[in-house]
S.K.: 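Below is the structure I would like to discuss, written out as structure tokens.
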Amino acid sequence: MKLVLLGPPGSGKGTQGDRLAAQFGVPKYATGDILRDAVRRATPLGNDAKRYMDAGELVPDEVVLGLVREALLAPEAAAGFILDGFPRTVAQAEGLERLLEERDVKLDAVVYFDVPEEELIHRLAGRRVCPECGAVYNVYSDPPAAPGICDNCGSELETREDDREETVRVRLRVYHEHTEPLLRWYGQTSLLREVAAVGSVDEVYDKLLSVAGRL
Ligand code: AMP
């Protein structure tokens with residue numbers, strides 16, 4: 001299984017990608033998670049990326065491509081991988097194509113998560129994350145057992161800095177401007193599949209399995 005999950009912020013790529021990765025035993029590489037980890041550890045990369053992320057803007061293509069190159073070189077990625085939140089620009093998609101060609105590897109599919117914009121805004125407003133273990137909840141659709149507390153590790157949940165309303169607006173604009181053109185780009189290949197990513201997490205996962213489960 002060699003998959004790209006494409007979609008706007010809040011479309012559920014991360015949640016669904018985690019399930020798919022666990023069920024099929026392939027690594028999932030989420031550039032947002034890798035970058036947030038670098039920010040937390042205050043590495044030079046993290047310090048540089050933070051200002052873009054806090055503003056809701058994209059981190060430069062060369063930086064993100066470097067991270068993905070490293071991830072795809074890992075031995076675990078040889079049998080398959082799921083890319084979540086990458087590529088996000090046509091330049092990144094071209095860079096990915098070159099990386100895969102170098103390794104003589106082909107993608108099986110690019111799955112687009114289609115969600116109406118009002119639903120995205122509602123979901124992002126309800127998203128809470130665990131700063132310790134990275135678990136993701138939603139106060140409306142997937143709340144923790146005890147309000148504000150992580151089910152896995154008992155830590156206090158937080159709102160992601162970039163899920164605040166003004167930043168969400170910027171992220172959606174950036175998505176329309178830079179990432180949406182990838183639908184046309186991948187639409188010219190035979191790779192693009194679409195999932196109407198609305199409904200419960202289980203319902204969306206069933207739809208995802210029906211397009212990606214046989215790859
Ligand atoms: P995400 O967790 O995917 O919503 O990503 C959070 C933030 O990380 C984004 O708003 C960007 O600032 C940055 N980021 C993640 N992936 C990429 C990417 N492929 N290209 C550029 N910036 C990215």
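Note that ligands are numbered from 1 as they come in the structure, with each ligand's atoms numbered from 1 the same way. The first residue in the sequence is number 1, and the count goes up from there.
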S.K.: Could you tell me which residues satisfy side-chain hydrogen bond (donor to acceptor under 3.5 Å, both in side chains) with Glu118, sequence neighbours excluded, listed by chain and number?
M.R.: none
S.K.: Using a strict 4.0 Å threshold on nitrogen-to-oxygen distance, state whether Glu156 and Arg128 make a salt bridge.
M.R.: no
S.K.: In order of chain and number, which residues sit within 4.0 Å of ligand 1 by heavy atom?
M.R.: Thr31, Gly32, Leu35, Arg36, Met53, Glu57, Leu58, Val59, Val64, Gly85, Phe86, Arg88, Gln92, Arg160, Asp162, Arg171
S.K.: Only counting residues at least two apart or in another chain, list the ones meeting side-chain hydrogen bond (donor to acceptor under 3.5 Å, both in side chains) with His122.
M.R.: none
S.K.: Could you tell me whether the side chains of Asp61 and Thr89 share a donor-acceptor contact shorter than 3.5 Å?
M.R.: yes
S.K.: Run the salt-bridge test on Arg98 and Glu94 with the 4.0 Å N-O cut-off and return the result as yes or no.
M.R.: no
S.K.: In a table with atom names and distances, give each donor-acceptor pair under 3.5 Å that connects a side chain of residues 18-25 to protein atoms at least two apart or in another chain.
M.R.:
residue	atom	partner	partner atom	Å
Asp18	OD1	Lys28	NZ	2.9
Arg19	NH1	Asp202	OD1	2.9
Arg19	NH2	Asp202	OD1	3.1
Gln23	OE1	Tyr205	OH	2.7

